[in-house]
Participant: 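Dropping the structure in here first, questions after.
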Amino acid sequence: MEVPANKKIEMLETMILSRKFSDSLAELCRIERKIPGMMILSTGQEAVGSGVCAALEPEDVIITNHRSHNHLLAKGADPRELMAEIFCKKTGCNKGKSGTLHLAVPEVNAPCTTTVVGGTLPIAVGQAFAQQYKNEPRVTVCFFGDGAANEGSFHEALNLAALWQLPVIFGCENNLYAGAQRYEEHTRVQDMARRAEAYDMPGVTVDGNYAPEVYRAAREARQLALEGRGPTLIECKTYRCRGHGESDPQHYQPGDEIRAWQEKCPIPRLGDELVSLGVIPSERIKEMESLAEKIVENAVRFAEESPYPEPHEALEDVYV
Amino acid sequence: MEVPANKKIEMLETMILSRKFSDSLAELCRIERKIPGMMILSTGQEAVGSGVCAALEPEDVIITNHRSHNHLLAKGADPRELMAEIFCKKTGCNKGKSGTLHLAVPEVNAPCTTTVVGGTLPIAVGQAFAQQYKNEPRVTVCFFGDGAANEGSFHEALNLAALWQLPVIFGCENNLYAGAQRYEEHTRVQDMARRAEAYDMPGVTVDGNYAPEVYRAAREARQLALEGRGPTLIECKTYRCRGHGESDPQHYQPGDEIRAWQEKCPIPRLGDELVSLGVIPSERIKEMESLAEKIVENAVRFAEESPYPEPHEALEDVYV
Amino acid sequence: MQVMQKLGMGQAVNQALREEMRRDPRVFIAGEGVGVSIHVNPMFPTHGLLEEFGPGRVKDTPVSEAAIAGLAVGAAEAGLRPVVEIMFNPFFTLASDMIVNHAAKLRYLSGGKSTFPLVVRIKSGAGFGAGCQHSHNLEAWAAHCPGLKVVMPSTPADAKGLLKSSIRDGNPVIFIEHMGLYFAPMPVPEEEYLTPLGKADIKREGRNLTVVTWSGMLGVAMGAAEMLSREGIETEIVDLRTLAPLDKETILNSVAKTGRLIVLHEATRTGGFAGEIAAVVMEEGFKHLKAPLRRVTGPDIPVPASPPLEQFYIPDENDLVRAAKEIF
Amino acid sequence: MQVMQKLGMGQAVNQALREEMRRDPRVFIAGEGVGVSIHVNPMFPTHGLLEEFGPGRVKDTPVSEAAIAGLAVGAAEAGLRPVVEIMFNPFFTLASDMIVNHAAKLRYLSGGKSTFPLVVRIKSGAGFGAGCQHSHNLEAWAAHCPGLKVVMPSTPADAKGLLKSSIRDGNPVIFIEHMGLYFAPMPVPEEEYLTPLGKADIKREGRNLTVVTWSGMLGVAMGAAEMLSREGIETEIVDLRTLAPLDKETILNSVAKTGRLIVLHEATRTGGFAGEIAAVVMEEGFKHLKAPLRRVTGPDIPVPASPPLEQFYIPDENDLVRAAKEIF
Ligand SMILES: Cc1ncc(C[n+]2csc(CCOP(=O)(O)OP(=O)(O)O)c2C)c(N)n1
Ligand SMILES: Cc1ncc(C[n+]2csc(CCOP(=O)(O)OP(=O)(O)O)c2C)c(N)n1
Ligand SMILES: [Mg+2]
Ligand SMILES: [Mg+2]
């Protein structure tokens, strides 16, 4: 499948926006300590969320995890409301109840985000079941890490999805680490995609640092799903260029490993390609960057200027 | 690997004993209603427990599940104490606290039996870890059904066992049903043994109605484990000739399916072979049968004549 | 005039499911053997539903409790009305991450944007000789989780009306059925009705003693009340029906009248939900109390399999009468 | 003479683990990042243990809570002394089948033949802005499961002695550490000592009011007691330390003296362990009670992330003082 130029441009844009967003958060939480809680970023992994979400239609659903910012931005979430929520402000998309970890944006069909590792998978199966039940031409994408692929919920979810041939795409973001445990310290299987066979499901491993390849795999999986041919497991091999969270000194990640992967950064990789193939002029990338910068600055200002919720608002939203 | 004649004889003996034991229970709970709780038997599946346990040494451990009688008898548990426990009597191996479902016989290294489907697997991993930790030349066998292979615990246990190369044998007793759900109604994977690949573990499918083949696979897996080469998944294809429990009318099991599998009954299959190859005379089988009958009658008598525990004994054995 | 039929609680649940599935195409059921079952027994809750509604709405699942609960969470958010079954209460553990960390919390985490209208039906109760891995009453766990509602009917009639309300509720509801009640037919109105969640029911009026109970223990309370009545003690029986939200008012009004409280439940004592009732009354009804509390509960042991041991475990009429006499 | 050192609770736990691992080769630890961790911080419980004891005894695991707990169950039965870690209390759900249906019950089911001497360490507590999927105090769940012991230290010194006792205990012990206590150094005896399980500790004597509390809330109780003292109310603080088995005697003696009871915990109110204390006192200490009970607890909501909301959630000194004044 040829990846359309406009899709490539879209992916580059959302990757650039994600990166600016993350860089700004890294800075904010390091210097200014303005942000409560953990700060978990996807720097270097942007091709995954951007590639997958470019392959989706607005009505498709994503269920994401603790490392969600890139996924949500790529799905079209409002950066201001996301940023305000990360700042735990009243104007955040979840009124400060979630903070950075469980950002839910039903407006763009990202209705639940969970930081329980492996939690995204059974929920995505439920969403996909509803799509099948209602006979809707939609799919659900579930994001999760290589570490999550060792949770029992992975197994139960993939088995059920395959059994019922549900329209779900299991997007495994294999960034080579689960916390401080390197991939080979948490499993022996060479490629996580191999696990699909255990459920008689197609599984593919793609270069998770090259957005068009991710896009292609997701698009094909989406097509299969819409044809009633069930789920696909897509393993995107990428790398966690920063620590697990921003307080993690990455002492267990070898320096040259980090450097080698930084060289493979998905943003210049796609940007250079588009320029060298003449799809866009190099100034267009500068424009994208300054637009992203503006969006992020704007979002940060909005977040900073927004009030915190009132204490008693804690009592709201438990029950319907 | 040649299966030694004495092992074949041993397997035939424990299969015959198991069958008599089951038949007697089927009768007792149908006609006489003497036994509380559910009655779950392994009629037709005896080659699995008998084949695996013949491959073990006394110091090897087994962890078994709700369908345990054959496993425990094959491991050498005292039929009288088992029967008394099934009758919920004070003289039972667990003083009436377990009843038929969770028979624990540490004397023969069957220290915990669990009826939570999938529960046996993580516990077996813990037992095997202790064996590795203490550098003991022992292995642990874990029994579980095809249904259990869809529980999250299966996945977590196999991954961890493979990762640490623990001396554990995962014995999947695929009897084609999990409750009333036929195999293809609970999973899409053709052979459960395929799932081993998901953990980079050897997996084999064997004829679970032919004890020597089960024995051979278990013996080879045991050898691998002792050499420090980690776990093996062995899928034994067999068939649940009776209902899930004795109150199950089996209305969902096709009659000719049952009959076809009854023809493949593991006991005459091995018995006829041994006779026709001249390993034993046919009278020897008669002797085995009457011995088994005596053992079972004796066990039933012991159980019937034994007292129930005193009510206040319920308060004992919670804590050390 | 109300036309009555005699149904066991399983049949009443069945009727509620049937009515709701007929009414609302978004309702589906899922679980291990909810369609094709090892039980061919019309007293069981999902009997015959597969035949009426077909495999698209009556979903037999693999033995995968986390996936079953996750299915409900995801499908509920997406606009369906899942009613899933956990076969026995101890297996709640396996579904508990999806129920407690997800069904109960994701609405709150979304700032009220996403909703999770789902029902988890759980079979519970001691008394069938299967031991502690099948019998372990864990309602206190669910009631300790904000975001969940917890319903435990004690009669078939309540079960029908409460289940229908649970299915129509916008929140995740844990609906716990005591299996002992499946086999005792009692009058159930034939027509459609909703019994509101969060309202306790006075199953017997009395002026000397309040017994708060729920689920399988109602029968024990009623039996003991007869025995006590013969000795001049008139027992008021408050059947909670819903543990969360808790109907404090009915409890407090009753204690205000009687001045004496016993809480009766089948679950083990320490950490059981009787403690919550005790605390509520001690906080808000203290001045009415004339005597110490008594809890009549299962002892702090796993449920044993052997009949005399299991009988020892399950609280009975005599235990309740004895406890009552201690505080008069 | 006792030589004292100043340690946070994480360090005290670390010291206990180190001493026990040196003493007994059967002790090993396992969990997610107990060896190589994303935290390089000596205030954390397992810091430096990998270096001293090597990867054979300090086992980093995959993210597989059920397998971690099952590892402990199997290894304990086989004669080892596992100490496994569940990273945050809400993930107890994922391990709960192995802990509740297996660790707690298999001894009973074996008729006392098999034993399961294991410790599950759990990090808990609100206050670090991570929200309700990381902060959710579930001690009441564990305390409702016969077969488990439940330990919740409130000081580093107690943590050290209690953890050592837990490791040597023959039963499965759930050992819950409040992360807020990791970072507040307090005096801890340097030498080896065991603090017995099942014994509460009076952390402050007083004759007017009993506050029963545990874990992270001790500091709040102590602060409020100072404030109340200035107003002439002398508070006795009973620090439970162990929830199961529960030291009823110390609670009842204190209430007999003061006649007034407040229970303070961080967990949500409904179904929280305060109910158990209330019930025990209402059953066995009723005649001593001069005033209604007060519970000071988290409200019935998931723990929110935003700082003002999270602060609203966590009970503080003012809440306790206010409650105390209500009953004088
Ligand atoms: C059930 C559960 N266990 C443990 C944690 C703590 N934790 C948060 S992220 C993480 C590592 C997850 O690794 P992976 O799935 O590979 O995702 P990544 O962080 O690499 O994106 C862990 C262990 C958790 N949040 N949930
Ligand atoms: C966790 C759990 N869920 C459900 C059950 C109820 N149950 C008991 S046996 C069984 C079927 C298990 O099938 P399988 O693993 O194939 O074993 P088999 O009975 O065929 O030997 C079920 C669902 C249970 N005991 N535990
Ligand atoms: Mg990862
Ligand atoms: Mg089976």
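Remember, it's a predicted structure, so these values are computed and weren't measured experimentally. Any value given below was found using the heavy atoms of this structure, including those in side chains, with hydrogens, waters and symmetry copies removed.
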Participant: For C:Thr115, is it the side chain, the backbone, both or neither that has a heavy atom under 4.5 Å from a heavy atom of chain A?
Facilitator: side chain
Participant: Which of the residues C:Pro82, C:Gly147, C:Pro25 is involved in the greatest number of heavy-atom pairs with chain A at under 4.5 angstrom?
Facilitator: C:Gly147
Participant: So C:Pro62 and A:Leu163, do their side chains get closer than 4.5 Å, heavy atoms only?
Facilitator: yes
Participant: Non-hydrogen atoms of chain C under 4.5 Å away: do they reach the side chain of A:Ala110, the backbone, both or neither?
Facilitator: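 When you check distances to chain C, no heavy atom of A:Ala110 falls under 4.5 Å.
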Participant: For the candidates C:Ile68, C:Asp97, C:Leu148, C:Thr61, which exhibits the highest count of non-hydrogen atom pairs separated by less than 4.5 Å from chain A?
Facilitator: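 If we count pairs closer than 4.5 Å to chain A, C:Leu148 comes out on top.
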Participant: Taking A:Lys95 for the side chain and C:Gly111 for the main chain, is one N or O donor matched with an acceptor at less than 3.5 Å?
Facilitator: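 Yes: the side chain of A:Lys95 pairs with the backbone of C:Gly111.
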Participant: With no hydrogens and no angle check, is any side-chain donor or acceptor of C:Ser114 less than 3.5 Å from a backbone partner on A:Pro111?
Facilitator: yes
Participant: Any side-chain heavy atom of A:Val318 sitting closer than 4.5 Å to one from C:Arg107?
Facilitator: no
Participant: Please examine the side chains of C:Met98 and A:Ile123, heavy atoms only from C-beta on, and report whether any two atoms are closer than 4.5 Å.
Facilitator: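 Yes, their side chains come closer than 4.5 Å.
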Participant: For C:Tyr108, is there any backbone N or O sitting under 3.5 Å from a side-chain donor or acceptor partner on A:Asp317?
Facilitator: no
Participant: Heavy-atom distance under 4.5 Å to chain C: side chain of A:Thr140, backbone, both or neither?
Facilitator: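 Neither part; nothing is under 4.5 Å.
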Participant: Using non-hydrogen atoms and a 4.5 Å limit, figure out which bit of A:Gln131 sits close to chain C: side chain, backbone, both or neither.
Facilitator: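 For A:Gln131, no heavy atom lies under 4.5 Å from chain C.
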Participant: Just give me the residue among C:Ala78, C:Ala76, C:Ala72, C:Pro146 that pairs up with chain A most often, heavy atom to heavy atom, under 4.5 Å.
Facilitator: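 Among the listed options, the one with the most contacts to chain A is C:Ala78.
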Participant: Taking atom types as modelled and ignoring hydrogens, do the side chains of A:Tyr133 and C:Arg57 form a donor-acceptor contact shorter than 3.5 angstrom?
Facilitator: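 Note: A:Tyr133 and C:Arg57 side chains meet the donor-acceptor criterion.
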Participant: So which atom in A:Cys112 and which in C:Glu77 form the shortest heavy-atom distance, rounded to 0.1 Å?
Facilitator: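 Residues A:Cys112 and C:Glu77, closest heavy atoms: SG-CG, 4.3 Å.
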Participant: Heavy atoms only: give me the nearest A:Phe129-C:Ala75 pair and the separation to one decimal.
Facilitator: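 Closest heavy-atom pair between A:Phe129 and C:Ala75: CD2-CB, 4.3 Å.
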Participant: Quick check: closest heavy atoms across A:Leu160 and C:Ala67, and the distance to 0.1 Å?
Facilitator: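 Here A:Leu160 and C:Ala67 meet closest at CD2-CB, 4.1 Å.
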Participant: Could you tell me which portion of A:Tyr319 (side chain, backbone, both or neither) has an atom closer than 4.5 angstrom to a non-hydrogen atom of chain C?
Facilitator: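 Both backbone and side chain of A:Tyr319 come within 4.5 Å of chain C.
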Participant: What option among A:Glu107, A:Gln132, A:His155 has the most heavy-atom pairs under 4.5 Å with chain C?
Facilitator: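 Of the options given, most contacts go to A:Glu107.
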Participant: Please determine, among C:Glu65, C:Lys59, C:Arg26, the option with the most heavy-atom pairs under 4.5 Å with chain A.
Facilitator: C:Lys59
Participant: Pick whichever of C:Ala69, C:Gly170, C:Gly79 has the most heavy-atom pairs under 4.5 Å with chain A.
Facilitator: C:Gly170
Participant: Of all of C:Leu80, C:Leu106, C:Val73, C:Leu94, which one pairs up most often with chain A through heavy atoms under 4.5 Å apart?
Facilitator: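 The answer is C:Leu80.
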Participant: Does A:Cys93 offer a backbone N or O that forms a donor-acceptor pair with the side chain of C:Lys113 under 3.5 Å?
Facilitator: yes
